[in-house]
Amino acid sequence: MGEGDQAIHQRTLAGLAKGLAAGEFSSRELTEALLERIAKHQATLNAFITVTADQALDQADRADQARASGNGGPLNGLPIVHKDLFCTRGVLTTCGSRILDNFVSPYDAAVVERLAAAGAIMLGKTNMDEFAMGSSNETSFFGPVANPWDTKLSPGGSSGGSAAAVAARIVPAATGTDTGGSIRQPAALTGTTGIKPTYGRVSRFGMVAFASSLDQAGVITRSAEDAAMLLGVMAGHDVRDSTSVDHPVPDYVAGLGKSVKGLRIGIVRQHFDEGLDSQCAASVKDALKSLEDAGAELVDVDLPNIGLSVPTYYVVAPAECSSNLSRFDGVRFGHRAEKPEDLLDLYSRSRGEGFGAEVKRRVMTGTYVLSAGYYDAYYLKAQKVRQLISQDFRNAFENVDVIAGPTAPTTAFAIGEKTDDPITMYLNDIYTIGANLAGLPGISVPCGLADGLPVGLQMVGPHFAEEALLACAYQYQQLTDWHQRAPGGFL
Ligand code: GLN
């Protein structure tokens, strides 16, 4: 089917850009069509916390005027939605939490600002696990998000609303953040493409912090091409984020044509252990075979300490979150308890009422591992193991260009299935967390269906290898059509 036959909502970002350029529809028409789609599916999916319809239509009119006068940025008139932890000026920014359920940000996050400056139109803010802590979107104060492939199932998390909205063809693209897997895992569970760039590639300014040494912004799209279009705009140095890196941003779209011939793809044996569902393993192996048939070389690599990544993460991330979340005290912004007796009562009741169970669990764990008596035994040890894991990746990348394997151990699971067992929930990120600990870029692309549910292939590269990852993902998407499969009922 040619692009011209496709309904607006079925098109990718690249397809919409062509339609706008050819005058098939205006940005206003496009925006209206997608706002209707958001409204139609909100009750079923709960993918949105806020819809910014009026603002979006204003932006769309401005984009149409810019186009008419021969102006407009590279994303002029294209719609996008933001995970609700990116600050948006004048718009509610909740982070999926009751403690911020009345917080209207006075400024835009760098990511929001850059995408808007390029002409992108924000349609709304997506649902997410509270403060991005979770793998199922069930910790959100605003309720769980449903997976469009089967609405009894979770879309994964924490960028669950972004992933569900893109998978359901409600919007072509969404931002997300990934601290331990929150872009890649929901992308895998919803059949979408998700990229987490190198730590420092995209500014964290205005992104509500969870674990500052691990958090990184990225995107969830329907194709590697769309991800390349957005990342090129989002990436780059920002003096307002001291960890943002001053490193040239390549033209990711221009780089997509690079063939996988001669690409050395590392395979980690431990990634195919018994923890991986057998049907997921089969899909991932098929994907690797297609890349091999296209000229890539598969090479075994060893990451001896990768098995320690989940326990290491669950010391480092809670430690950082216990510090970051201390700013939510009921005084400066967000939820404040009624009629406090004194200052301590104000703090403890505002936080007690404002935070959900998972956030409290992390703040308590983090405070414990940082406490005087336990710092050396837990936090310091975790930092040392983190270095070992980074070194394992550095060693592996002496022999291979990328490392590929499964994104998640299973396909989407039922809402409610893992909520009573945090450890089982934490294991969802067993294949993704290593890249965050080492600050490496990673991408997940759809590579099959198991019992009708999407499976993700993850590729991780050395620092600043986004261009290679996107090219490899793009080449794979030229060979296969898994990324074009849509959940029934959302065509
Ligand atoms: N699921 C992981 C956690 O709960 C990762 C979340 C994320 O990447 N934001 O911490």
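Counting convention: from 1, in listed order, for ligands and their atoms alike. In what follows, every heavy atom counts, from backbone to side chain, and hydrogens, waters and symmetry copies are set aside. Residue numbers run from 1 in the order of the sequence given.
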Would one find an N or O of [X], backbone or side chain, under 3.5 Å from an N or O of ligand 1?
| X | answer |
| --- | --- |
| Phe210 | no |
| Gly181 | yes |
| Lys83 | no |
| Ser182 | yes |

Looking at Arg240 and Glu113, is any side-chain nitrogen of the basic one under 4.0 Å from a carboxylate oxygen of the acidic one?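 Salt bridge present between Glu113 and Arg240.
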Donor-acceptor pair between [X] and [Y] side chains, under 3.5 angstrom:
| X | Y | result |
| --- | --- | --- |
| Asn305 | Asp392 | yes |
| Ser154 | Ser136 | no |
| Glu320 | Ser213 | yes |
| Asp238 | Ser203 | yes |

Relative to the heavy atoms of [X], which atoms of ligand 1 are at a distance of less than 4.0 Å?
| X | value |
| --- | --- |
| Met133 | 4 (O) |
| Ser158 | 9 (N) |
| Asp178 | 8 (O) |
| Ala132 | 6 (C), 7 (C), 9 (N) |

Dump the intermediate steps for salt bridge (charged side-chain N to carboxylate O under 4.0 Å, His left out) on Asp178 and Lys196, then the final yes or no. CA-CA 6 Å; Asp178 192 312; Lys196 170 207 115 60; 5.8 Å; no
Begin with the C-alpha distance, continue with both residues' side-chain angles, and end with the deciding distance and a verdict on side chain to side chain donor-acceptor pair (under 3.5 Å) for Arg386 and Asn436. CA-CA 10 Å; Arg386 182 176 185 177; Asn436 300 81; over 6 Å; no
Below 4.0 Å, non-hydrogen atoms only: which portion of [X] touches ligand 1? Side chain, backbone, both or neither.
| X | answer |
| --- | --- |
| Asp429 | side chain |
| Arg362 | side chain |
| Tyr314 | side chain |

Any side-chain to backbone donor/acceptor pair from Asp129 onto Glu138? Under 3.5 Å, distance only.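 The answer is yes, because a donor-acceptor pair under 3.5 Å joins these two groups.
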Among all protein heavy atoms, pick out the one at the shortest distance from atom 5 (C) of ligand 1; state its residue, atom name and that distance to 0.1 Å.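 For atom 5 (C) of ligand 1, the nearest protein heavy atom comes out as Tyr313 OH, 3.3 Å.
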